[in-house]
Amino acid sequence: QVHLVESGGGLVQPGGSASLSCAASGIISSINGMGWYRQAPGKQRELVAAITRGGSTNYADSVKGRFTISRDNAMKMMYLQMNSLNPEDTAVYYCNANSNYGSTWWGQGTQVTVSS
């Protein structure tokens, strides 16, 4: 079992930056990969960025060059640095972790609102 707790959401001005954090607890050794998803009202949840235990990363085309995902070596903390934010980035952002045997865990979600 893995428990994920997010922090760092809030209001940010267009063109500004924000950082999200995700703290993992439980059986950390079961985590194979972690990632950030987001869901805007009326839309499906989409992958924003992902990182494997080995450090490989993957980004949605819409955030490439603007967002950076990172994690500590123990997979206990994951971060998302968001730069050059625009209103289209407004969504609830969710921390995700998955095992190599089919389990997946979600954080509670944190609202990121980009508005002037």
Side-chain angles (χ1 to χ4, degrees):
Q1 190 66 234
V2 173
H3 183 60
L4 306 173
V5 179
E6 302 170 341
S7 61
L11 177 66
V12 63
Q13 300 297 308
S17 299
S19 298
L20 303 180
S21 299
C22 176
S25 61
I27 310 176
I28 305 300
S29 61
S30 67
I31 297 177
N32 184 57
M34 302 182 74
W36 291 96
Y37 288 71
R38 68 185 181 186
Q39 187 169 23
K43 296 186 177 181
Q44 294 185 342
R45 191 174 302 182
E46 64 176 352
L47 177 67
V48 176
I51 188 166
T52 68
R53 181 173 289 275
S56 298
T57 59
N58 186 42
Y59 296 92
D61 288 341
S62 60
V63 306
K64 287 181 179 177
R66 300 189 297 121
F67 291 11
T68 302
I69 188 171
S70 61
R71 53 93 181 99
D72 64 8
N73 289 335
M75 301 286 282
K76 297 183 70 174
M77 293 293 297
M78 183 178 66
Y79 310 94
L80 185 67
Q81 177 64 45
M82 303 181 291
N83 299 324
S84 301
L85 287 164
N86 58 65
E88 289 69 39
D89 296 314
T90 296
V92 177
Y93 284 71
Y94 296 90
C95 177
N96 169 265
N98 61 272
S99 71
N100 60 2
Y101 52 86
S103 294
T104 187
W105 302 274
W106 295 94
Q108 78 283 0
T110 183
Q111 178 72 45
V112 175
T113 301
V114 184
S115 176
S116 59

*Asks:* Indicate if L4 and V48 have the same hydrophobic cluster label, given that clusters are the connected sets of ILVMFWY residues with side-chain heavy-atom separations under 4.5 angstrom.
*Replies:* yes

*Asks:* State, yes or no, whether a side-chain contact exists between W36 and L20 at a heavy-atom distance under 4.5 Å.
*Replies:* yes

*Asks:* Cation-pi check for Y94 against R45: NZ or CZ below 6.0 Å from the six-membered ring centre and within 45 degrees of the axis, yes or no?
*Replies:* yes

*Asks:* Show the nearest heavy-atom pair for residues D72 and M75, with the distance to one decimal.
*Replies:* OD1-N, 2.9 Å

*Asks:* Without swapping roles, check the side chain of R53 against the backbone of I31 for a donor-acceptor pair under 3.5 Å.
*Replies:* yes

*Asks:* Is there a side-chain contact between D89 and M82 (heavy atoms, below 4.5 Å)?
*Replies:* no

*Asks:* Are L85 and L11 grouped together when hydrophobic residues (ILVMFWY) are joined by side-chain heavy atoms under 4.5 angstrom apart?
*Replies:* no

*Asks:* Quick one: are M77 and S21 in side-chain contact, heavy atoms under 4.5 Å?
*Replies:* yes

*Asks:* Heavy atoms only: give me the nearest V2-S30 pair and the separation to one decimal.
*Replies:* CG2-OG, 3.7 Å

*Asks:* Report the C-alpha distance between Q13 and S116 in whole Å, list the side-chain angles of each, state the deciding distance to 0.1 Å, and finish with yes or no for side-chain hydrogen bond (donor to acceptor under 3.5 Å, both in side chains).
*Replies:* CA-CA 5 Å; Q13 300 297 308; S116 59; 5.1 Å; no

*Asks:* Find the distance between CG (N100) and OG1 (T52) and round it off to the nearest 0.5 Å.
*Replies:* 12.0 Å

*Asks:* For side-chain hydrogen bond (donor to acceptor under 3.5 Å, both in side chains), just list the numbers for S17 and N83, CA-CA rounded to whole Å, side-chain angles, deciding distance to a tenth of an Å, and then say yes or no.
*Replies:* CA-CA 4 Å; S17 299; N83 299 324; 2.9 Å; yes

*Asks:* About how many Å separate CZ of R71 and OG1 of T57, when rounded to the nearest 0.5 Å?
*Replies:* 10.0 Å

*Asks:* Is a side-chain N or O of N96 found less than 3.5 angstrom from the main chain of M34, in a donor-acceptor match?
*Replies:* no

*Asks:* Which atom names give the shortest non-hydrogen contact between Y59 and T68, and what distance separates them?
*Replies:* OH-CA, 3.4 Å

*Asks:* Parallel, tilted or perpendicular: which describes the rings of F67 and Y93, with under 30° parallel and over 60° perpendicular?
*Replies:* tilted

*Asks:* Other residues, nucleotides and ligands only: do more than 12 of their heavy atoms fall within 6.0 Å of CD on Q108?
*Replies:* yes

*Asks:* Using the rule that Ile, Leu, Val, Met, Phe, Trp and Tyr join whenever any side-chain heavy atoms are under 4.5 Å apart, tell me whether Y79 and V12 fall into a single cluster.
*Replies:* no

*Asks:* Out of curiosity, L80 CG to S19 OG, how far, rounded to the nearest 0.5 Å?
*Replies:* 8.0 Å

*Asks:* Give me the one residue out of T90, V63, L47 that meets side-chain contact (heavy atoms from CB on, under 4.5 Å) with R38.
*Replies:* V63

